[in-house]
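Step one of this worksheet: look at the structure below.
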Amino acid sequence: MKKAVYILMLLILIISVGRILINSGATDDAPQDEQTQRDEEETIASSRQEQAADDEAKELASDEQTDDESIGEQLKEVIVDTIKDSLTYFNNNKSHIVAIGDSLTRGVGDTTEGGGYVGILGRTINNEGERNVTIDHFGKRGSRSDQLYKRLDEPEITAAIGDADMVLITIGANDIMKVLKDNVTNLTMEPFNAEQKHYKKRLQAIIDKIQSVNAHADIYLIGFYNPFEQYFQHIEELDTIVNNWNDVSANIAAENDAVTFIPTADLFVDSDVALFADDHFHPNYLGYYRIARRVLEYITEE
């Protein structure tokens, strides 16, 4: 009975979240209010030395005219300070990065309208004049793996990939959501396991198509997280589904030297910090900051 109640609650949440993910024509969230912005950047500033973080927070809190653009600049400075050692990778290298995928690539939930993790990467890497990194951004809200595979044939995307040094991909979350929607009246593990096999084939096909266009690009598969954990911590099946689907990407990466899997699930288990947007599904700026930092660590690892 207890499990049935959990499942019922989950279905209610799925229906509301599903509208957000599947409706690719939906508008992005409105900019957050100034107090929420200050709260987020104060949290991010904690990665600096304690005194510097306090000084910055006070300065920002006293500035009633601070807008989204200036907040983005402050956050960019914080990120540069915390990971500037990794940025030496780009000091004397011109690079072309292509980011493709779903709403996580698009940056849905980033109320500063800074482009989510992709925008943070671009502003951070190009913070100094000697860096010259171009990022092409092809995120589409609600995109599934079958849809992404077809989008790779679009001339603009094909051309960008052909010239890319790195390709960053976020995909899979909407595939899971489709299984949830299609089986809402009979939710078991079986359809997830069955669809996972098809997802693996589609993801491999995506990698193959990218490599047929550009055999030299490094490909990074960015994993997804369990957005329901904050509400349904006792439903182990949800973590199992997310972990199993992430394993698909990890296994494909393990079989291809040019492909790397970047995990993100562990970044969103901190219940003491607000990491999600108002829709309780997509990351907020701080959530995207964590993703951007993890991605930058991986792409500069060598």
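What you are looking at is a predicted structure, and each value in this text was computed from that prediction instead of being measured. Note that these values count all heavy atoms, side chains included, but never hydrogens, waters or copies made by symmetry.
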(message) Please evaluate residues Gln211 and Asn256 with respect to the criterion side-chain hydrogen bond (donor to acceptor under 3.5 Å, both in side chains), reporting the C-alpha separation (whole Å), side-chain torsions for both, the decisive distance (0.1 Å), and the verdict.
(response) CA-CA 11 Å; Gln211 292 185 322; Asn256 191 319; 3.2 Å; yes

(request) List the steps, then state whether salt bridge (charged side-chain N to carboxylate O under 4.0 Å, His left out) holds for Asp266 with Arg294. (result) CA-CA 11 Å; Asp266 62 302; Arg294 174 66 58 81; 2.9 Å; yes

(message) Within the 4.5 Å heavy-atom criterion, are Thr134 and Ile97 side-chain neighbours or not?
(response) no

(message) Checking side-chain contact (heavy atoms from CB on, under 4.5 Å) between Leu121 and each of Leu168, Asn126, Ile291, which is the one that passes?
(response) Leu168

(request) Answer whether the closest heavy-atom distance between the side chains of Ile135 and Val118 falls below 4.5 Å. (result) yes

(message) Donor-acceptor check, side chain of Arg123 to backbone of Gly114, threshold 3.5 angstrom: yes or no?
(response) yes

(request) Give a yes or no on whether the backbone of Gly116 and the side-chain of Asp110 come within a donor-acceptor separation of less than 3.5 Å. (result) yes

(message) Taking Asp163's backbone N and O only, do any of them form a donor-acceptor pair with His96's side chain (distance below 3.5 Å, no angle check)?
(response) yes

(request) Identify the heavy atoms of Lys140 and Arg151 that sit nearest to each other, and give their distance. (result) CB-NH1, 3.5 Å

(message) Could you tell me if Ser103 and His282 have a donor-acceptor pair between their side chains, going purely by distance under 3.5 Å?
(response) yes

(request) Could you pull out all residues at least two apart from Tyr288 that satisfy ring pair (Phe, Tyr, Trp, His ring centres under 6.0 Å)? (result) none

(request) Looking only at non-hydrogen atoms, find the nearest pair between Asp102 and Ser143 and report the distance. (result) CB-O, 3.6 Å

(request) Supply the atom-to-atom distance Ile161 CD1 to Ile219 CD1, rounded to the nearest 0.5 angstrom. (result) 8.5 Å

(request) Compare every heavy atom of Tyr298 with every heavy atom of Pro263, then report the nearest pair and how far apart it is. (result) CD-OH, 3.4 Å

(request) Taking the side chain as every heavy atom from C-beta outward, state whether Leu267 and Tyr225 have any pair of such atoms under 4.5 Å apart. (result) no

(message) Less than 3.5 Å apart, any donor N or O on the side chain of Asn251 or Glu255 sitting next to an acceptor on the other?
(response) no

(request) Take Trp245 and Asp175, measure what side chain to side chain contact (heavy atoms under 4.5 Å, CB included) needs, and give me the verdict at the end. (result) CA-CA 10 Å; Trp245 284 56; Asp175 294 67; 3.5 Å; yes

(request) Could you grab the distance from atom CG of Asn183 to atom OG1 of Thr185, nearest 0.5 Å is fine? (result) 7.5 Å

(message) So does Met177 get a backbone contact from the side chain of Arg144, meaning a donor-acceptor N/O pair under 3.5 Å?
(response) no

(message) Would Glu195 and Arg202 count as a salt bridge (charged side-chain N to carboxylate O under 4.0 Å, His left out) here? Give the steps.
(response) CA-CA 11 Å; Glu195 183 61 24; Arg202 293 193 295 267; 2.6 Å; yes

(message) I need the Leu187 CG to Leu180 CG distance, nearest 0.5 Å.
(response) 6.0 Å

(request) Grab the two heavy atoms, one from Val98 and one from Phe138, that are nearest each other, plus how far apart they are. (result) CG1-CD1, 3.9 Å

(message) Set out, in order, the CA-CA distance, both residues' side-chain angles and the distance that settles side chain to side chain contact (heavy atoms under 4.5 Å, CB included) for Leu296 and Thr300, then state yes or no.
(response) CA-CA 6 Å; Leu296 190 56; Thr300 61; 3.9 Å; yes

(message) As an exercise, state the distance from CG of Asn226 to CG of Asn246, rounded to the nearest 0.5 Å.
(response) 10.0 Å

(message) Tell me if a side-chain donor or acceptor on Asn284 pairs with a main-chain N or O of Gly287 at a distance below 3.5 Å.
(response) yes

(message) Check this for me: does any side-chain nitrogen of one of Lys178 and Asp182 sit under 4.0 Å from a carboxylate oxygen of the other?
(response) yes

(message) Between Phe224 and Phe268, does the ring pair (Phe, Tyr, Trp, His ring centres under 6.0 Å) criterion hold? Intermediate values first, please.
(response) CA-CA 10 Å; Phe224 41 89; Phe268 292 86; over 10 Å; no

(request) For residues Tyr199 and Phe192, establish whether the separation of their ring centroids is below 6.0 Å. (result) no

(request) Spell out, as yes or no, whether a donor-acceptor pair under 3.5 Å connects the side chain of Thr158 to the backbone of Leu152. (result) yes

(message) So which atom in Ile100 and which in Thr105 form the shortest heavy-atom distance, rounded to 0.1 Å?
(response) O-OG1, 3.1 Å

(request) Quick one: pull up CD1 in Ile169 and CG in Leu104 and give me the separation to the nearest 0.5 Å. (result) 13.0 Å

(message) Run Ile241 and Met189 through side chain to side chain contact (heavy atoms under 4.5 Å, CB included) and show every step you take.
(response) CA-CA 8 Å; Ile241 292 169; Met189 289 292 291; 3.8 Å; yes

(request) Give a yes or no answer on whether the side chain of Ser249 reaches the backbone of Phe261 with a donor-acceptor pair at less than 3.5 Å. (result) no

(request) With rounding to the nearest 0.5 Å, note down the distance linking CG in Asn174 to CG in Leu148. (result) 11.0 Å

(request) Grab the two heavy atoms, one from Ser95 and one from Asp165, that are nearest each other, plus how far apart they are. (result) CA-OD2, 3.2 Å

(request) Please name all residues satisfying salt bridge (charged side-chain N to carboxylate O under 4.0 Å, His left out) with Lys209, sequence neighbours left out, ordered by chain then number. (result) Asp153

(request) Taking side chain to side chain donor-acceptor pair (under 3.5 Å) as the test, write out the residues that go with Asn214, two or more places apart. (result) none

(request) Please tell me if the side chains of Val248 and Ile252 come closer than 4.5 Å, counting only heavy atoms from C-beta onward. (result) yes

(request) Examine distances only and state if a side-chain atom of Thr264 and a backbone atom of Gly223 form a donor-acceptor pair shorter than 3.5 Å. (result) yes

(request) Given ring pair (Phe, Tyr, Trp, His ring centres under 6.0 Å), test Tyr289 with Tyr117 step by step and report yes or no. (result) CA-CA 6 Å; Tyr289 156 73; Tyr117 92 89; over 10 Å; no

(request) Using a 4.5 Å cut-off on heavy atoms from C-beta on, say whether the side chain of Asn186 contacts that of Thr188. (result) yes

(message) Run Ser145 and Leu203 through side chain to side chain contact (heavy atoms under 4.5 Å, CB included) and show every step you take.
(response) CA-CA 7 Å; Ser145 58; Leu203 187 58; 5.8 Å; no

